[in-house]
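The next block holds one structure in the form of structure tokens; read it before the comments.
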Amino acid sequence: MLVLSSLKWPGSGTFCHSRPWRATEISLAGPGAGDCAVAMHVSFQIAADLNRAVTSAALQAGFDPAGFSAEIRTADPRHGDFQANGVLGYAKARKLNPRAVAEQLVAALAPSMEGLCDLSIAGPGFINFRLKPDVLLQWLGRYGTVEMLRSGASALHQGQRYVVDFSSPNTAKQLHVGHIRGMVIGEAICRMLAFCGASVVRDNHIGDWGTQFGKLIWGYKHLRNDEALATDPLEELERLYKAADAATKADPAVLEAARAELVKLQAGDRENLELWQRINAISSGAFTEIYRKLDIHFDHQLGESFYNDRLNPVYEELTRLGLAEISEGALVVFHPEHPRFKTQPFIIRKSDGAANYASTDLATMLYRTEHFQADAIVILTDARQSDHFEQLWLTTQKWFGMTQRRLPRFEHVSFGSILGEDGKAIKTRSGDPIRLKALLAEAEDRALTLVNEKSPELSEAERKDIAAAVGIGAVRYADLSQNRSSDYVFAWEKILSLEGNTAPYLLYAVARIHSIFRKQGIEGPTEALFANATPPETETELALARKLVGFASTLELTTQQLRPHFLCTYLYELAGAYSAFYAADKVLVDAEPVRARRLLLCARTLLVLESGLSLLGLRTLQRM
RNA sequence: GGACCCGUAGCUCAGCUGGAUAGAGCACUUGGCUUCGAACCAAGGGGUCGGGGGUUCGAGUCCCUCCGGGUCUACCA
């Protein structure tokens, strides 16, 4: 249990910003691991093998196990494929010569490394590992299908059940550009976690039970246009909401009437309940259309209304436990130990007795823990809701702790806003939000112009299909490729660019590889083509092979931090390494072993690019 | 007032719980297609990592402080 002491789990005061579960470290927990694992066969996570081997060697060399951790990192290619930085800190703490310590470690390590990699010590005591070309070849040979990649990656989150809450729009409103990040990042996170062995429950926590329904129902009853409702129902609902909202502001009597409609709804009035259901159905239909276009899926759609009859027990328990108190008529939770939340309450029931989203979110935490048996709950919303989720998590920890409930991990995956080119929240000229439907249509239009220009020889149907993949992919990739915690500026020119870290560049790399296999007269690669492959030799071959092996570390990093842009950066670098290889080393040469190994590199690049892009939710193309 | 996020090349951004000479793309300069898709590749210039202090063998990364921008701060979500 050498490194596990560095793991902090929620509940010990680290709260939702803790960074749990780093798989290379967890894999150390097996007793006696390390001696033979490396030599047997090359495994998916080579970094984990190295970690085991170095840790084992450290024990053998007589290091103090409590103070040593290998600290395996992917290295700058100039130095090697991986490096172990652990001796530096270890030597410092004991006032030893770091270089001498590194030499001791390498001496103990060398036998187990035979055949795997070359070792070197550099600088003040870095230990560098450079994988042997033959090992690269073995890895490429072994991880040759999506199933093999998945099976290799599955150790990362095996047996963990994640409930992921994403998208979660409000009913009766159109999806606009502000919704897309949560949808796209959420879908990618679900796919990546599932690929890495987790059992993922996708839940669309729809906002279907808010104060907006009073106005909406009043508007529906008094202002609706049946024709508009038939042609574009969601548009009409949105108009009704706006009109009703304006009417309540203009006339106190209308406001009163709208409140009365809400009271009737919440009391179970049959007519209003039916209306509510119809409104939800309309919304749901419109959402589904966009979800289908973006290939986004949910296992459940448990909206706020689902928790209506689960709220009272929450109020009662929290009150009984002394966590909640009445303040200014509302039921609230203060957190005296917190600099801010000691005075800023978490309002879990409004003074008029109605629920708000704190009420439902608490009930939701409980439901996900008990019903879904969640090991981890992941909620995606924009960063402006950070306070709310911090309060929710503080409250949940105390609540579950005092009632001896199992506490799952919790991650609020927050993200920045999408800005217009003026640096302010993106809007249309008239000041309305840009509708997602319109945005996606424009993306496809612009992509079609490009495709028409670049590939006029293709049929119209094919060009349209390509434009859809490129356009939607570009929008999606723009959302994913940037660090989610920062705001980003939306610019068509940038995201549809063919150069740089963009979807079109990656899709082009994929299409170009397909073309090589087409040239061979086959639809896709077959293993027979690589039977005589020799280990990579040229600089560009080696660089590409190393990059491919790095897929394993990238998946670990990406799912550990729930930041898809790590995978984007990796895929971009992989495509770059491929392009350099492609320009420098002709693939279809006469010499059989050379052709075989280059075709192998092509095939595996294709596999990793297509797998990776699919994890991000992008559709790839055979030609473009 | 307080809390959180952000500040890296002219512009847009990476930088993996502190590690080797801070990296990409765009733009700019130059070179490469009668040979596998040039929607590509190669090379070059361009940096007081907002300022200042501190911790450390080592700081873009951690701590303090100041400046600038954003968000949130009692019953919307």
Side-chain angles (χ1 to χ4, degrees), chain A residues 6 8 18-19 22 71 73-76 78-79 83 85 88-89 91-92 98 122-126 128 168-170 207 210-212 304 327-332 338-341 343-352 354 356-358 360-361 381-388 390 414 416-417 419 423-424 450-451 453-455 470 481-483 485-489 491 493-494 497-502 504-505 507-509 511-516 518-520 553-554 556-558 560-561 563 565-566 568-569 572-573 576 579-584 586-589 598 602 623-624:
Chain A
S6 69
K8 287 207 170 124
S18 62
R19 289 177 167 175
R22 188 178 175 92
E71 292 184 33
R73 306 274 186 266
T74 52
D76 184 314
R78 283 172 296 196
H79 304 121
Q83 57 181 284
N85 296 345
L88 290 164
K92 182 178 87 176
F126 299 109
N128 291 325
S168 308
N170 283 336
T211 42
Q212 79 266 28
E304 290 172 344
S327 171
E328 298 179 24
L331 188 63
V332 308
H338 193 280
R340 178 148 174 219
F341 303 135
T343 52
Q344 181 185 324
F346 189 49
I347 299 172
I348 66 170
R349 191 182 58 204
K350 298 196 287 181
S351 53
D352 64 4
N356 65 3
Y357 82 145
T360 46
D361 278 354
T381 76
D382 67 80
R384 287 175 298 195
Q385 298 184 43
S386 297
D387 277 3
H388 167 77
E390 201 177 340
S414 64
S417 314
L419 308 178
K424 295 179 177 165
L450 268 174
V451 177
E453 181 190 317
K454 300 280 184 188
S455 306
V470 172
S481 59
Q482 185 158 339
N483 189 338
S485 34
S486 36
D487 296 343
Y488 87 90
V489 175
E493 193 187 310
K494 185 184 163 196
S497 163
L498 310 171
E499 288 152 352
N501 189 4
T502 63
Y505 177 82
L507 295 178
Y508 175 71
R512 207 158 57 156
I513 302 174
H514 274 295
S515 153
I516 285 195
R518 267 199 305 274
K519 191 134 186 139
Q520 297 274 291
S553 304
T554 301
E556 179 181 349
L557 181 66
T558 308
Q560 173 209 345
Q561 305 209 359
R563 290 184 186 271
H565 81 281
F566 286 123
C568 296
T569 303
Y572 173 59
E573 287 170 358
S579 289
F581 154 77
Y582 182 86
K586 187 168 167 62
V587 174
L588 300 177
V589 294
R598 290 184 181 166
C602 289
R623 49 185 114 218
M624 65 185 278

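Within every chain, numbering begins at 1; the chains are lettered A, B, ... in the order of the sequence lines, protein sequences first and strands thereafter.
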Side chain to side chain contact (heavy atoms under 4.5 Å, CB included) between S481(A) and T569(A): does it pass, once the steps are laid out?
CA-CA 7 Å; S481(A) 59; T569(A) 303; over 6 Å; no

Testing G19(B), C72(B), C16(B) for proximity to the side chain of F566(A), the answer is C16(B)

**Message:** Does N128(A) contact A20(B) through a side-chain donor or acceptor facing the base, at a distance under 3.5 Å?
**Reply:** yes

Exercise for review: Answer with base, sugar-phosphate or nothing: what part of the nucleic acid does A511(A) contact at a heavy-atom distance below 4.0 Å?
Suggested key: base

Of A77(B), G37(B), C16(B), the nucleotide closest to the side chain of Q561(A) is C16(B)

Point to revise | Side-chain heavy atoms of S168(A) within contact of T381(A), under 4.5 Å | key: no

Identify whether any heavy atom of R340(A) sits under 4.0 Å from a base atom; if not, whether one sits that close to sugar-phosphate; answer base, sugar-phosphate or nothing. base

**OP:** Could you check whether P339(A) gets within reach of a base, just the sugar-phosphate, or nothing at all, counting any heavy atom under 4.0 Å?
**Re:** nothing

Ring pair (Phe, Tyr, Trp, His ring centres under 6.0 Å) filter on Y508(A), not counting sequence neighbours, yields none

Any N/O donor-acceptor pair, S579(A) side-chain to C40(B) base, under 3.5 Å: no

Q.
Could you tell me if H338(A) and E390(A) have a donor-acceptor pair between their side chains, going purely by distance under 3.5 Å?
A. yes

key: Heavy-atom check, side chain of D387(A) versus side chain of F341(A), under 4.5 Å   = yes

Separation of C16(B) atom P from E556(A) atom CD, nearest Å, is 15 Å

Ring-on-base stacking C76(B) with Y357(A) (under 5.5 Å, under 30°) = no

In whole angstroms, the gap separating P of C6(B) from CG of D382(A) amounts to 16 Å

Considering only heavy side-chain atoms of Y572(A), the closest of A38(B), U35(B), A24(B) is A24(B)

Between G52(B) and A38(B), how far apart are the two P atoms, rounded to whole Å? 48 Å

Taken to the nearest whole Å, CG/L419(A) to P/G69(B) is 16 Å

Margin query: Please determine whether a side-chain nitrogen or oxygen atom of R512(A) lies at a distance below 4.0 Å from atom OP1 or OP2 of A38(B).
Written below: yes

Check: With stacking defined as ring centroids separated by under 5.5 Å and planes differing by under 30°, is H565(A) stacked against A14(B)?
Finding: no

Comparing nearest nucleotides in RNA chain B, the 5'-proximal residue of the pair R384(A), A122(A) is A122(A)

Side chain to side chain contact (heavy atoms under 4.5 Å, CB included) assessment of Y357(A) paired with E304(A): CA-CA 8 Å; Y357(A) 82 145; E304(A) 290 172 344; 4.0 Å; yes

Do N483(A) and R563(A) have side-chain N/O donor and acceptor atoms under 3.5 Å apart? yes

Counting just side-chain N and O atoms, does R518(A) come under 4.0 Å of either OP1 or OP2 of C36(B)?
-> no

**Prompt:** C16(B) base to T74(A) side chain: any donor-acceptor pair below 3.5 Å?
**Reply:** yes

Closest of A20(B), C76(B), C40(B) to the K350(A) side chain is C76(B)

Separation of C16(B) atom C1' from N85(A) atom CG, nearest Å, is 12 Å

Using Watson-Crick geometry (N1-N3 plus N6-O4 or O6-N4) or G-U wobble (N1-O2, O6-N3), each under 3.5 Å, C36(B) is paired with none

Hey, does S455(A) reach any base, or is it just sugar-phosphate, or nothing, if we go heavy atoms under 4.0 Å? base

Answer whether the closest heavy-atom distance between the side chains of Q520(A) and L588(A) falls below 4.5 Å.
yes

Under a 3.5 Å limit on both distances, the Watson-Crick or wobble mate of G7(B) is C67(B)

Atom pairs, protein N/O to nucleotides 58-64 of chain B N/O, distance under 3.5 Å:
none

Between CG of D487(A) and C1' of G7(B) the distance, given in whole Å, is 13 Å

Against the side chain of A580(A), the closest entry in G23(B), U71(B), A42(B) is A42(B)

Touch check for Q83(A), heavy atoms < 4.0 angstrom, all strands: base, sugar-phosphate only, or nothing? base

N483(A) has its side chain closest, among A39(B), C36(B), A14(B), to A14(B)

Q | Q385(A) side-chain N/O to A77(B) phosphate OP1/OP2 under 4.0 Å | A | no

*Phosphate OP1/OP2 of G37(B) contacted by K454(A) side-chain N/O (<4.0 Å)*: no

Whichever of A354(A) and V589(A) has the more 5' nearest nucleotide on RNA chain B, that residue is V589(A)

_R623(A) side chain near R518(A) side chain, heavy-atom distance below 4.5 Å_ = yes

Out of U73(B), C13(B), C75(B), minimum distance to the side chain of Q482(A) belongs to C13(B)

Ranking A20(B), A38(B), G23(B) by distance to the side chain of R78(A), first place goes to G23(B)

Practice problem: Using a 4.0 Å heavy-atom cut-off across all strands, classify N356(A) as base, sugar-phosphate, or nothing. | Solution: sugar-phosphate

- Would you check if Y508(A) stacks with the base of G37(B), given a 5.5 Å centroid limit and a 30° plane limit, both strict? no

> So does R384(A) have more than 12 non-hydrogen atoms from other groups sitting under 6.0 Å from CZ?
Replying inline: no

For A42(B), the nucleotide meeting Watson-Crick or G-U wobble distances (both under 3.5 Å) is U30(B)

Ranking A20(B), C16(B), A14(B) by distance to the side chain of T569(A), first place goes to A14(B)

Ring pair (Phe, Tyr, Trp, His ring centres under 6.0 Å) filter on H514(A), not counting sequence neighbours, yields none

D387(A) CG to G2(B) C1', in whole Å, measures 11 Å

Atom NE2 of H388(A) and atom P of A74(B) are separated, to the nearest Å, by 15 Å

Task: Under-4.0 Å side-chain N/O to phosphate OP1/OP2 contact, S486(A) with A14(B) - done: yes

Using atom P of each nucleotide, how far apart are G25(B) and C64(B) to the nearest Å?
37 Å

**Message:** Using side-chain heavy atoms (C-beta onward) and a distance below 4.5 Å, is Y572(A) in contact with Y505(A)?
**Reply:** yes

**Request:** Please state the C1' separation for the pair U61(B) and U55(B) - nearest whole angstrom.
**Result:** 14 Å

- prompt: What does Q344(A) touch in the nucleic acid at a heavy-atom separation under 4.0 angstrom: a base, only the sugar-phosphate, or nothing?
  reply: sugar-phosphate

Answer for the Watson-Crick or wobble partner of G23(B), both distances under 3.5 Å, is C13(B)

Out of A74(B), A20(B), G37(B), minimum distance to the side chain of H79(A) belongs to A20(B)

Here the distance between atom P of C72(B) and atom NE2 of H338(A), to the nearest Å, is 18 Å

Distance-only donor-acceptor test, S327(A) side-chain atoms vs A74(B) base atoms, 3.5 Å = yes

* To do: Respond yes when some side-chain nitrogen or oxygen of Y505(A) is under 4.0 Å from OP1 or OP2 of C41(B), and no when none is.
  => yes

